[in-house]
2 protein chains.
Amino acid sequence: MFPALHFPHLKPALIYGLAGGLLIAVLKYIEYQHFVRAYPTELYGGLLALIFTIIGIHVGLRWTRRREPLSEPQPFATNAETVREIGITPRELEILGLIAEGLSNREIGERLFVSENTVKTHSSRVFEKLGVNRRVQAVQKGKDLGLIP
Amino acid sequence: MFPALHFPHLKPALIYGLAGGLLIAVLKYIEYQHFVRAYPTELYGGLLALIFTIIGIHVGLRWTRRREPLSEPQPFATNAETVREIGITPRELEILGLIAEGLSNREIGERLFVSENTVKTHSSRVFEKLGVNRRVQAVQKGKDLGLIP
DNA sequence: CTCGAAATCACCCGAAAGAATGACGACGGA
DNA sequence: TCCGTCGTCATTCTTTCGGGTGATTTCGAG
């Protein structure tokens, strides 16, 4: 949806923008209170947006919920000690899991909303930490070490 | 693990928030242009609800997307029966086993005293018969079907 | 405040993988 | 004998991987 866009200084700008918008909204609210008005339209809009976004998420999930519970017997807890021992990060573990599912780097990037280059960087580090140089080997070793189911 | 300390989808969330803010700003602008007077407020509410419901559905599905489980191993089919069912040959099974060990096509060829091209031909046929197009997927499916340990 | 870890992204380049063909010999059953 | 399967190998082409390097941003610890 949005992953192709790139804004390096997005967060501070957004924070400032939101802060400013919030301030304006508060002022407007107070002003409107002076005029004994109802809530400002912007507030209604935001509330509507928020509420219906949540509703949309719930509805969407409900529509596509699989009927058969898809037997998932073992929740599988990753071997935390091994993770710490070899110094693998959560993100790298995530990439390893997706590699084990047979996804290409591009598909992983699309799934995680990051670029393919980022996925390649992560996978390279995973290979390095696991001491392998091919993804099939990484999957095998990851399973042996209890990093992935 | 510690999912609370990790925000893998921060960027889309920020962009999403920005988009919402922009939409509100646009609506506000329109209102200030007195265009809003031409339409009942309910219309705007409905539009907002619709738009953000769609966005919510999309975002929700996007964030929770999961691939279909591509196989359901039949409990009655033994190794040999599965082999016969999908018509995989002994040689192809051998190549699949070596792929599962993390060997490259060149290494497989050296181990079996055949050319790399031959290995690629076999692996292509294996992929075709298993309905996959990557070796990690082939290994996964081969294990699901009981073709390889 | 400085420093380092983590995550992100980019660019380059060579190697590996995979898709699509075509071909050839051996072997076994109809 | 003819036909089909299997194993073998080649060529061409495109895509994907993997290694290497460098950069930025964010965040938390010291």
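Each chain gets a letter, A, B and so on, in the order the sequences are listed, and its residues count up from 1. In what follows, every heavy atom counts, from backbone to side chain, and hydrogens, waters and symmetry copies are set aside. Here the structure is a predicted model, which means the values were calculated and not measured.
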With respect to the side chain of Val114(B), which nucleotide from dT8(C), dA19(C), dT8(D) is positioned closest?
->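 Among the listed nucleotides, the one closest to the side chain of Val114(B) is dT8(D).
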Could you work out which one of dT8(C), dG18(C), dG7(D) sits closest to the side chain of Lys120(B)?
->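 Closest nucleotide to the Lys120(B) side chain: dG18(C).
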If you look at every strand shown and take non-hydrogen atoms under 4.0 Å, does [X] touch a base, only sugar-phosphate, or nothing?
X         : result
Asn117(B) : base
Thr89(A)  : sugar-phosphate
Ser115(B) : sugar-phosphate

Closest-nucleotide ordering on DNA chain D, the 5'-leading residue of Glu116(B) and Ser123(A) =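 It is Glu116(B) whose nearest nucleotide is closer to the 5' end.
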Separation between CZ of Arg135(B) and CZ of Arg135(A), rounded to the nearest 0.5 Å =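 Interatomic distance, Arg135(B) CZ to Arg135(A) CZ, rounded to 0.5 Å: 11.5 Å.
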Does [X] make a side-chain N or O approach to OP1 or OP2 of [N] shorter than 4.0 Å?
X         : N       : answer
His122(B) : dG7(D)  : no
Thr118(A) : dC9(C)  : yes
Arg106(B) : dA16(C) : yes
Asn105(B) : dA17(C) : yes
Arg91(A)  : dT8(C)  : yes
Arg134(A) : dA16(C) : no

If I take atom [atom1] in residue [X] and atom [atom2] in nucleotide [N], what distance separates them, rounded to the nearest angstrom?
X         : N       : atom1 : atom2 : answer
Leu130(A) : dC17(D) : CG    : P     : 17 Å
Leu112(A) : dT8(C)  : CG    : C1'   : 12 Å
Phe127(A) : dT16(D) : CZ    : C1'   : 12 Å
Leu103(B) : dA17(C) : CG    : C1'   : 15 Å
Ile95(A)  : dG18(D) : CD1   : P     : 13 Å
Glu92(B)  : dT8(D)  : CD    : P     : 10 Å
Glu107(A) : dG18(C) : CD    : P     : 13 Å
Phe113(B) : dG7(D)  : CZ    : P     : 18 Å

Distance-only donor-acceptor test, Thr121(B) side-chain atoms vs dC9(D) base atoms, 3.5 Å |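 When only heavy-atom distances are counted, Thr121(B) does reach the base of dC9(D) through a donor-acceptor pair under 3.5 Å.
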Side chain Arg125(B) and base dT8(D) donor-acceptor under 3.5 Å |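 Flag set: donor-acceptor pair detected.
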How close do Val139(B) and Ala100(B) get, heavy atom to heavy atom, and via which atoms?
->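 Taking every non-hydrogen atom into account, CG2-CA, 3.5 Å.
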Give the minimum heavy-atom separation between Glu101(A) and Gln137(B), together with the two atoms involved.
->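 Residues Glu101(A) and Gln137(B), closest heavy atoms: O-CG, 4.2 Å.
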Bending between helix ends of the helix from dC1(C)-dG30(D) to dA30(C)-dT1(D) [5 pairs per end, 10° resolution] |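 Terminal axis comparison yields 40°.
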Does any N or O in the side chain of Lys120(A) come within less than 3.5 Å of the main-chain N or O of Asn105(A), such that one atom is a donor and the other an acceptor?
->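 Here the side-chain-to-backbone pair does not exist.
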Give a yes or no on whether the backbone of Gly131(A) and the side-chain of Lys141(A) come within a donor-acceptor separation of less than 3.5 Å.
->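 Such a contact is absent between Lys141(A) side chain and Gly131(A) backbone.
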Decide side chain to side chain contact (heavy atoms under 4.5 Å, CB included) for Leu98(A) and Val119(A); before the verdict, give the C-alpha distance in whole Å, the side-chain angles of both, and the deciding distance to 0.1 Å.
-> CA-CA 10 Å; Leu98(A) 294 176; Val119(A) 177; over 6 Å; no
Glu81(A) and Arg84(A): CA distance, side-chain angles, deciding distance, salt bridge (Lys or Arg N to Asp or Glu O under 4.0 Å) verdict | CA-CA 5 Å; Glu81(A) 300 150 25; Arg84(A) 194 165 27 78; 6.0 Å; no
Decide, yes or no, whether a salt bridge links Arg125(A) with Glu128(A) under the criterion of side-chain N to carboxylate O below 4.0 Å.
->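 Salt bridge: no.
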